[in-house]
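Working notes for the structure below.
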Amino acid sequence: MLDMKMIRQNAEWFKQKMADRGVDGASVDHLMELDQKRRDLIVKSEALKAERNEVSEEISQLKRNKENADAQIKRMREVGAEIKQLDADLETTKAEQDNLEAHLPNIPNDKVPVSLTEEGSVELRKVGTPRKFDFEPKPHWKIGEKLDILDFKRSAKVAGSRFVYYIGAGSMLERAVYNFYLDENDKAGYTEILPPYMVNSASMFGTGQFPKFKENKAGFEIADSDLTMIPTAEVPLVNFYRDEVIPAEKLPVKFTALTPAFRSEAGSAGRDTKGLIRLHQFNKVEMVQFTKPEQSWDALENITAQAESSLKKLGIPYHVITLTSSDMSFTAAMTHDIEVWMPSQHCYREISSCSNTTDFQARRSHIQYRDENGKLQYVHTLNGSGLAVGRTVAAILENFQNEDGTVNIPEVLQPYMHGKTKITKQDLF
RNA sequence: GGAGGAUUGGCAGAGUGGUAAUGCACCGGACUCGAAAUCCGGCGAACCAAGCUUAUACUUGGCGCGCAGGUUCAAAUCCUGUAUCCUCCUCCA
């Protein structure tokens, strides 16, 4: 949610920033009109309410003195009706304005490359060199099925497309990856949290998923209930402090959590239909930070570096890009994506997205702190995958595959897999 | 799932139709070399709007008793719905 007072005072600048994100200027104009109308109604309504309060006091006095107040009561009956009408108008106008505001994305930072498509993103750095294969590298799902560690046929039978069974060493590898990530984040000062996997709609609004998420049917909502399966741990982690004032000395607060993420992938039909890349349910270790406004840009670099550091230890080649103004998520003021090298696809694929949402989520979810003057201020919130677990497993299978179909286990994960160094065919079924 | 109770300012806690007591905490001042104690004053710096503005400063007003509606000239008080917490029953891991 944006600061309406700020918008009012910088209308043209704001309009340009929204245009950079592909938002139609007409809706900004409409917002300004509604805002003006709303404030006019408030002035009228409040003047009448002031009068009502004054006369009510008068009536109270008259009654106490056993005098007649019929004339005043009659007049106030009319004033009351008028107030009711004005307030009804006000409510409608405010609802319309709120709805419009709720659909406006965060303002991109000046450093964000402006583009109306994903073309134009800036590569910040490239780390690691993609391995040269002296055989044709196989896609991870073929490797996984051959080794009996992934089963997409049975998951399709039991749940449907875009689900998976991890089996035996596959399941252990997934577990190794997320335990490694959690331990790394813990060492970096992130408090581990195990949050609810379903949240109410106030929470979904607070982090900026609702209302658009709902309209796009982007997730799994529980029928006859206010609950939605979390599309990312960011939702329960950020909402942890919803409607609260965080003591300033606690900032920055850093959380990390492993959770499944549930996504309908409506609109992605036909894309990444095979393998672990795009599932309805996948594990992700998430990082979230609450900071003072002046800390958040450093924190964005910091959170990105934290995600990168785990990848470096795994030895998977990756690069980091800054997304364009229109490619960023709704809530972000700036986003760095980390993409890992996928040998079978000969390209980098997203494995982490780190964003500074500035005060956008904090406004929606009322998360504040007291500054040195004792004034309430909104915190800044940041989130970053640290990292997507399923996609990590996919990257490991592809980058560390051997010609005979086996897969070497990265050294840092071996302690998490009882010292095993290689995944070989299980032949379980 | 059923029954009962609770929800008021940072905390405690009054208030059953006439417009939010009081105590603690906190802030300012007095006293003091200083502090404590005591005394005096302030205290919904939560939000919204208007006026004046560099201002989120100030003044005024609105609003404000979990939330949302309703009745009334007037609601913390009455009515309806709802959320959360507690107790008991039921159920259950």
Side-chain angles (χ1 to χ4, degrees), chain A residues 1-10 13 31-102 194-206 210 222 224-228 236 239-250 292-294 358-359 362-380:
Chain A
M1 195 73 88
L2 298 155
D3 180 355
M4 194 60 219
K5 274 183 201 158
M6 189 272 292
I7 293 175
R8 222 181 273 154
Q9 285 159 8
N10 305 282
W13 171 83
L31 176 69
M32 305 303 274
E33 285 164 21
L34 286 169
D35 183 54
Q36 187 58 53
K37 184 180 173 194
R38 191 190 107 250
R39 281 154 49 215
D40 289 345
L41 285 168
I42 287 174
V43 171
K44 285 182 193 157
S45 168
E46 289 193 352
L48 290 175
K49 282 174 183 167
E51 185 187 351
R52 180 176 66 184
N53 287 343
E54 207 175 308
V55 177
S56 285
E57 180 59 31
E58 216 178 289
I59 292 171
S60 166
Q61 287 293 335
L62 289 170
K63 292 257 184 192
R64 224 170 282 151
N65 299 334
K66 308 263 188 248
E67 291 178 57
N68 186 294
D70 289 354
Q72 282 84 347
I73 288 175
K74 183 161 178 282
R75 215 172 90 231
M76 282 310 100
R77 201 171 282 157
E78 286 160 18
V79 169
E82 212 174 324
I83 290 172
K84 205 166 188 176
Q85 182 57 50
L86 283 168
D87 280 354
D89 282 359
L90 182 60
E91 197 185 336
T92 313
T93 308
K94 189 175 182 321
E96 210 179 326
Q97 183 181 0
D98 285 349
N99 184 48
L100 201 51
E101 268 186 81
L194 204 162
Y197 296 166
M198 298 182 213
V199 295
N200 56 29
S201 38
S203 299
M204 287 294 280
F205 182 85
F210 281 5
I222 307 297
D224 303 318
S225 139
D226 189 41
L227 296 168
T228 300
N239 279 281
F240 181 88
Y241 277 122
R242 176 154 54 82
D243 296 322
E244 292 191 34
V245 176
I246 305 177
E249 67 273 15
K250 300 275 185 208
K292 294 179 185 174
E294 64 270 22
T358 59
D359 62 357
R363 280 179 190 283
R364 288 186 164 233
S365 42
H366 307 116
I367 304 173
Q368 299 170 303
Y369 76 102
R370 283 185 199 282
D371 65 18
E372 42 303 336
N373 299 319
K375 288 235 175 290
L376 286 172
Q377 304 282 1
Y378 289 107
V379 301
H380 280 194

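Side chains included, hydrogens not; waters and symmetry mates left out as well; all remaining heavy atoms used. Within every chain, numbering begins at 1; the chains are lettered A, B, ... in the order of the sequence lines, protein sequences first and strands thereafter. Everything quoted here is computed from the prediction, not taken from an experiment.
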Quick one: does A:E101's side chain get under 4.5 Å of A:Q97's, heavy atoms only? yes
Under 4.5 Å between any side-chain heavy atoms of A:I222 and A:T228, yes or no? no
For the side chain of A:A50, counting heavy atoms from C-beta on, which of B:C63, B:G61, B:A49 is nearest? B:G61
Given B:A50, B:C48, B:G18, which nucleotide is nearest the side-chain atoms of A:K63? B:G18
May I have the distance from [X] (atom [atom1]) to [N] (atom [atom2]), rounded to whole angstrom?
| X | N | atom1 | atom2 | value |
| --- | --- | --- | --- | --- |
| A:D87 | B:G70 | CG | C1' | 15 Å |
| A:D40 | B:G62 | CG | P | 19 Å |
| A:K49 | B:C73 | NZ | P | 17 Å |
| A:Q36 | B:A49 | CD | C1' | 12 Å |
| A:I83 | B:G70 | CD1 | C1' | 17 Å |
| A:E78 | B:C73 | CD | C1' | 11 Å |
| A:L62 | B:U19 | CG | C1' | 16 Å |
| A:E244 | B:A46 | CD | C1' | 15 Å |

Given [N], is OP1 or OP2 found less than 4.0 Å from the side-chain N or O atoms of [X]?
| X | N | result |
| --- | --- | --- |
| A:R38 | B:C48 | no |
| A:R8 | B:A49 | yes |
| A:R39 | B:A49 | no |
| A:N53 | B:G62 | yes |
| A:R370 | B:A46 | yes |

Side chain to side chain contact (heavy atoms under 4.5 Å, CB included) partners for [X], two or more places apart:
| X | value |
| --- | --- |
| A:E294 | A:K292, A:Y369 |
| A:F205 | A:M1, A:A102, A:F210, A:P211, A:R364 |
| A:E33 | A:H30 |
| A:K375 | A:D371, A:N373, A:Q377 |

Any chance the side chains of [X] and [Y] put a donor and an acceptor closer than 3.5 Å?
| X | Y | result |
| --- | --- | --- |
| A:D243 | A:H366 | yes |
| A:N200 | A:S203 | yes |
| A:Q61 | A:N65 | no |

Apply side chain to side chain donor-acceptor pair (under 3.5 Å) to residues A:Q36 and A:D40 and explain how you reach the verdict. CA-CA 6 Å; A:Q36 187 58 53; A:D40 289 345; 3.2 Å; yes
With sequence neighbours excluded, residues passing ring pair (Phe, Tyr, Trp, His ring centres under 6.0 Å) with A:Y378: none
For A:D35, the salt bridge (Lys or Arg N to Asp or Glu O under 4.0 Å) test, sequence neighbours excluded, returns A:R8, A:R38, A:R39
Those residues at least two apart in sequence (or on a different chain) that pass salt bridge (Lys or Arg N to Asp or Glu O under 4.0 Å) with A:R370 are none
Please figure out whether A:V43 or A:E57 has its closest RNA chain B nucleotide nearer the 5' end. A:E57
Between A:K84 and A:L376, who's closer to the 5' end of RNA chain B by nearest nucleotide? A:L376
Distance between the [atom1] atoms of [N] and [M], in whole angstroms?
| N | M | atom1 | answer |
| --- | --- | --- | --- |
| B:U19 | B:G62 | C1' | 14 Å |
| B:G18 | B:C91 | C1' | 49 Å |
| B:A12 | B:G70 | P | 32 Å |
| B:G61 | B:U71 | P | 28 Å |
| B:U80 | B:G5 | P | 13 Å |
| B:C78 | B:U72 | C1' | 10 Å |
| B:C67 | B:C63 | P | 15 Å |
| B:A21 | B:A30 | C1' | 27 Å |

Using a 4.0 Å heavy-atom cut-off, does [X] contact any base of the nucleic acid, only the sugar-phosphate backbone, or nothing at all?
| X | result |
| --- | --- |
| A:R363 | nothing |
| A:K94 | nothing |
| A:I59 | base |

Pairing string of RNA chain B (Watson-Crick or G-U wobble, both atom distances under 3.5 Å; | = paired to other strand) is ((((((((.[[[..)..(...]]].(((((.......)))))....(((((......)))))...[[[[[..)....]]]]])))))))....
Determine which pairs satisfy salt bridge (charged side-chain N to carboxylate O under 4.0 Å, His left out) with at least one residue from residues 41-52 of chain A, sequence neighbours left out, and list them in order. A:K49-A:D87, A:E51-A:R75
Report all interatomic pairs (protein N or O, nucleotide N or O of nucleotides 51-57 of chain B) with separations under 3.5 Å.
none

So which protein N/O to nucleotides 74-76 of chain B N/O distances come out below 3.5 Å?
none

Determine yes or no for a side-chain-to-main-chain donor-acceptor pair under 3.5 angstrom, with A:N99 supplying the side chain and A:A95 the backbone. no
Okay, side chain of A:S60, backbone of A:S56: is any donor-acceptor separation there less than 3.5 Å? no
Are there any protein N/O atoms within less than 3.5 Å of an N/O atom in nucleotides 78-80 of chain B, and if so, which ones and at what distance?
none

